[in-house]
Every structure is written in structure tokens, then in C-alpha cells.
Colleague: 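One structure coming up, written as C-alpha cells, with questions to follow.
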Amino acid sequence: QKEVEQNSGPLSVPEGAIASLNCTYSDRGSQSFFWYRQYSGKSPELIMSIYSNGDKEDGRFTAQLNKASQYVSLLIRDSQPSDSATYLCAVSNAGNNRKLIWGLGTSLAVNP
Amino acid sequence: KAGVTQTPRYLIKTRGQQVTLSCSPISGHRSVSWYQQTPGQGLQFLFEYFSETQRNKGNFPGRFSGRQFSNSRSEMNVSTLELGDSALYLCASSLERGDNEQFFGPGTRLTVL
């Protein structure tokens, strides 16, 4: 069983719409959650980090965390064609060997 | 602050050769993590270094090794290259811990022929 799961997509939304990206994780002890954006041929870029249950907003991006249900989501409001990329979810693992566990990413296409 | 730098950006090698990749973290960051990224496999964790010590290791064969210097710069080495080692190799720096915010370099694209 994968430890961090994301729908691979592609998720296709029209320009100006809200894009909703979801991520579930298996380690109940996870404390830190991150969303990265990766354009084709480029390296991942940190968009949001969230550590507490609830919503965290940064510009057009909102991260939502629900530890009881073990999911974290990313909402992108007023989606733009420049948001077209792969979005990676990363979750810290509990225990002694602390590292980030990565999902395979969701491909987002924003259509003009 | 300057970002994470990686050299070289592109490499072409043949099977059986070895390769060394270099990573300079963001100034003040002490943790460096290395990843292999291939289509369909996502980001695969190789290892993490902190204060010149390997703190964590992924499930890769011993052909993959690394080290970190006193200035936090890190190198990774792959010996006896195989075709399957063709990938994008990314390093990421963190302030203190590898399970917190990581900032990636541009990567080294390795092609093994």
C-alpha cells in the first residue's frame, strides 16, 4: 500500500475555475504536510506547508488539512493556464527515520 | 539568498562508468537530501546528510553513495552505472531537518547509454 496517494489525473479545469487537488496518507503520526508544484522539465517548487488542522490561505492557494481523516488538499482559485503543472504532495513520516514521503503527483491542465 | 545549485546539469555516461554529482545548499541550510526522479516512479529518496553524517537512507543499492562536507555542500556518487540509472537527480536543502520544508536545486539529468 502506498503511503501517500494522489490521483494521477490529468485534472482539467477551465481558466478562472477552482482546481481541487487531494492527497491521502497512511501514517497517523505525520505532522508536516507540503504541496509542491513541478513544471515539466523543472524541479519541484514549494507552494504551501501546513501543520495544523484547518485551512491555510496564501494568495490564490488554500491548503486544507484533516488529520482525523488523513487527507490534505490544495485549492487553486481563479486558475490560470500558468498553473498547469504536476502538483506533488509530501508528508513527513513519524518515527526515528524522519523524512518526507512523496505522492506521485496530480497533473493539472488549465484550459484557456 | 542564492538558491540550491547543482552541477553538472546534464551528463551522458555509458554503462559501467561512475559519476559524481554535486549540490550546494542554500546558505545556512545544514540538511541535504538526494532524490531520483523517473517517469512513473516519482521522487525516490536516496539519502539525507546533516553535519557531514548520513542521517537517513532509502532503498537503493550500495552503488549509490554520498557525502557531505563541512560547508554543507554534498556530493553523490553512482558507480558501475546501469541503463536504469538514467533519471533526474535532485538535491534539496533544509534548514535543520529533512522532514521539513525542502528547497530543490534544478537537478542533474543523467543519461546512461
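Per chain, numbering begins at 1; letters A, B, ... match sequence-line order. All values below come from the heavy atoms of this structure, side chains included, with hydrogens, waters and symmetry mates left out.
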Colleague: Taking the ring of A:Trp102 and the ring of B:Tyr35, is the distance between their centroids below 6.0 Å?
Modeller: yes
Colleague: Please assess A:Leu100 against B:Gln102 for the test side-chain contact (heavy atoms from CB on, under 4.5 Å), listing each intermediate value before the final yes or no.
Modeller: CA-CA 9 Å; A:Leu100 294 184; B:Gln102 294 186 3; 3.7 Å; yes
Colleague: With the 4.5 Å side-chain cut-off for hydrophobic clustering, are A:Tyr71 and A:Phe34 part of the same group?
Modeller: no
Colleague: Taking the side chain as every heavy atom from C-beta outward, state whether B:Asn100 and A:Ser92 have any atom pair closer than 4.5 Å.
Modeller: no
Colleague: Nearest heavy-atom pair of B:Pro106 and A:Ser43: which atoms, and what distance?
Modeller: CA-OG, 3.9 Å
Colleague: Can B:Phe64 be reached from B:Phe50 by stepping across I, L, V, M, F, W or Y side chains whose heavy atoms are under 4.5 Å apart?
Modeller: no
Colleague: Which residues pass the salt bridge (charged side-chain N to carboxylate O under 4.0 Å, His left out) test with B:Glu96, not counting sequence neighbours?
Modeller: B:Arg30
Colleague: Which atom pair, heavy atoms only, marks the closest approach of B:Glu48 to A:Arg98?
Modeller: OE1-O, 4.1 Å
Colleague: Sequence neighbours excluded, which residues qualify as ring-ring contact (aromatic ring centres under 6.0 Å, His included) partners of A:Tyr39?
Modeller: none
Colleague: How about B:Asn71: does its CG atom have over 12 heavy atoms from other parts shown lying under 6.0 Å from it?
Modeller: yes
Colleague: Measure across B:Glu101 and A:Tyr36 and return the closest heavy-atom pair with its distance rounded to 0.1 Å.
Modeller: C-OH, 4.2 Å
Colleague: Give me the atom names and distance for the closest heavy-atom approach of B:Leu43 to A:Pro44.
Modeller: CD1-CG, 4.3 Å
Colleague: For A:Glu45 and B:Phe104, what are the C-alpha separation, side-chain angles and deciding distance, and is it a side-chain contact (heavy atoms from CB on, under 4.5 Å)?
Modeller: CA-CA 7 Å; A:Glu45 171 192 11; B:Phe104 284 84; over 6 Å; no
Colleague: May I ask you to name which of A:Ser32, A:Gly103, A:Ser49 has the most heavy-atom pairs under 4.5 Å with chain B?
Modeller: A:Ser49
Colleague: So for A:Ile101, is it side chain, backbone, both, or neither that comes closer than 4.5 Å to the heavy atoms of chain B?
Modeller: neither
Colleague: To the nearest 0.5 Å, tell me how far B:Leu90 CG sits from A:Gln38 CD.
Modeller: 7.0 Å
Colleague: Taking everything shown except B:Arg15 itself, do over 12 heavy atoms lie less than 6.0 Å from its CZ?
Modeller: no
Colleague: Side-chain heavy atoms under 4.5 angstrom apart, residues restricted to Ile, Leu, Val, Met, Phe, Trp, Tyr: same cluster for B:Ile26 and B:Tyr49?
Modeller: no
Colleague: For A:Asn22, is the CG atom crowded, meaning more than 12 foreign heavy atoms sit under 6.0 Å from it?
Modeller: yes
